[in-house]
**Student:** 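Okay, here's the structure, questions in a sec.
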Amino acid sequence: MIIANWKMNGSKELIEVWLNFVSKNIKIIDGKDCIFCPPSCYIDFSKHLIEKTNQSIRLGSQELDSLLSKPLTGGITAEMLVEVGCSFVIIGHSEQRIHLNESNELLSNKLVSAIDNNLTPIYCVGETAKQKKSNQTKEVLLEQLDVIQSQIIDKCIIAYEPVWAIGTGESAEISYIEEVHSFIKEEFKNTTDFSKEISVVYGGSVNLENYKETYNSSQVDGLLIGGASLNHSTFTKIYNMS
Ligand code: PEP
């Protein structure tokens, strides 16, 4: 799967241009989802544009509010996201963990709420540069992964996104990505009776120079792309050529 995370970027005009280009040029194949995650206010607009194309571009939300603090002014529920056409939702992105101070309890609730409403969570985990330097990566990942209740593990996608690689232009080395992805996959194998391997996608400064090596690794099940996904031709090339 190739996921475009637009973060806090875009406008109706930019989305229309992007979706027109991508839908005309992308060659979507079975088993390789193309997932577009625009800001929440443009999801419905995007859904209508996608419906006019023959392409099965799927929609994901960057935001979901759990029932932890209900009522919640400004909140968006999983039911609402499904109604406007989402099939996926990004949960636990490091920018939200850091700037919105998201707790483990909150993230756990979001995951359950997504699953209960047939939304597939793309659950982000990753260590900071400081944690990497002090050899705490595995410990940090285990703590973040612990939030996922065992009965929903098989319905989640894990996105390994080292915080130090996000938006910095400094993607992780392939050997490091492979080591971490295999650690995550093994961890799930050891702690659950879930027989199928969990999907782990990589995110962090993926671009035209590095996507191929990353995507081609047997340990990598997809890419989560921020900055580079804003460019329609870059995103389409990465999808078609990976
Ligand atoms: C992201 O924000 O999820 C991300 C991977 O960003 P970038 O590709 O810009 O590093």
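Residue numbers run from 1 in the order of the sequence given. Counting convention: from 1, in listed order, for ligands and their atoms alike.
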**Student:** Just to be sure I read this right, does ligand 1 sit under 4.0 Å from the backbone of Asn5, its side chain, both, or neither, counting only heavy atoms?
**Tutor:** side chain
**Student:** Answer yes or no: does an N/O atom from Gly226 fall short of 3.5 Å to an N/O atom of ligand 1?
**Tutor:** yes
**Student:** Please write down residue, atom name and distance for the protein heavy atom closest to atom 5 (C) of ligand 1.
**Tutor:** Glu161 OE2, 3.0 Å
**Student:** May I ask you to check whether Tyr42 and Trp6 place their ring centers less than 6.0 Å from one another?
**Tutor:** no
**Student:** If you count the atoms of ligand 1 from 1 in the order shown, which ones are under 4.0 Å from a heavy atom of Lys7?
**Tutor:** 1 (C), 2 (O), 6 (O)
**Student:** I'd like to check which ligand 1 atoms, numbered from 1 as shown, lie under 4.0 Å from a non-hydrogen atom of Ala165.
**Tutor:** 10 (O)
**Student:** So if I count the atoms of ligand 1 from 1 in the order they appear, which ones are less than 4.0 Å from some heavy atom of Gly227?
**Tutor:** 7 (P), 8 (O), 9 (O)
**Student:** With only distance considered, is Thr168 within less than 3.5 Å of ligand 1 through an N or O on each side?
**Tutor:** no
**Student:** In terms of atom number and element, which parts of ligand 1 are under 4.0 angstrom from non-hydrogen atoms of Gly167?
**Tutor:** 7 (P), 9 (O), 10 (O)
**Student:** Could you tell me whether the side chain of Val125 reaches within less than 4.5 Å of the side chain of His93, counting heavy atoms only?
**Tutor:** no
**Student:** Check whether more than 12 heavy atoms from other residues, nucleotides or ligands sit under 6.0 Å from atom CD of Glu13, and answer yes or no.
**Tutor:** no
**Student:** More than 12 foreign heavy atoms under 6.0 Å from CG of Asn216: is that the case here?
**Tutor:** yes
**Student:** Hey, is CD on Gln136 packed in by over 12 heavy atoms from elsewhere, all under 6.0 Å?
**Tutor:** yes
**Student:** Does Leu224, backbone or side chain, put an N or O under 3.5 Å from an N or O of ligand 1?
**Tutor:** no
**Student:** Counting only heavy atoms not in Gln151 (residues, nucleotides, ligands), do more than 12 fall under 6.0 Å from its CD?
**Tutor:** yes
**Student:** Answer yes or no: does atom NZ of Lys32 have more than 12 heavy-atom neighbours from other residues, nucleotides or ligands under 6.0 Å?
**Tutor:** yes
**Student:** Can you name the atoms of ligand 1, numbered from 1 with element, that are less than 4.0 Å from a heavy atom of His93?
**Tutor:** 1 (C), 2 (O), 3 (O)
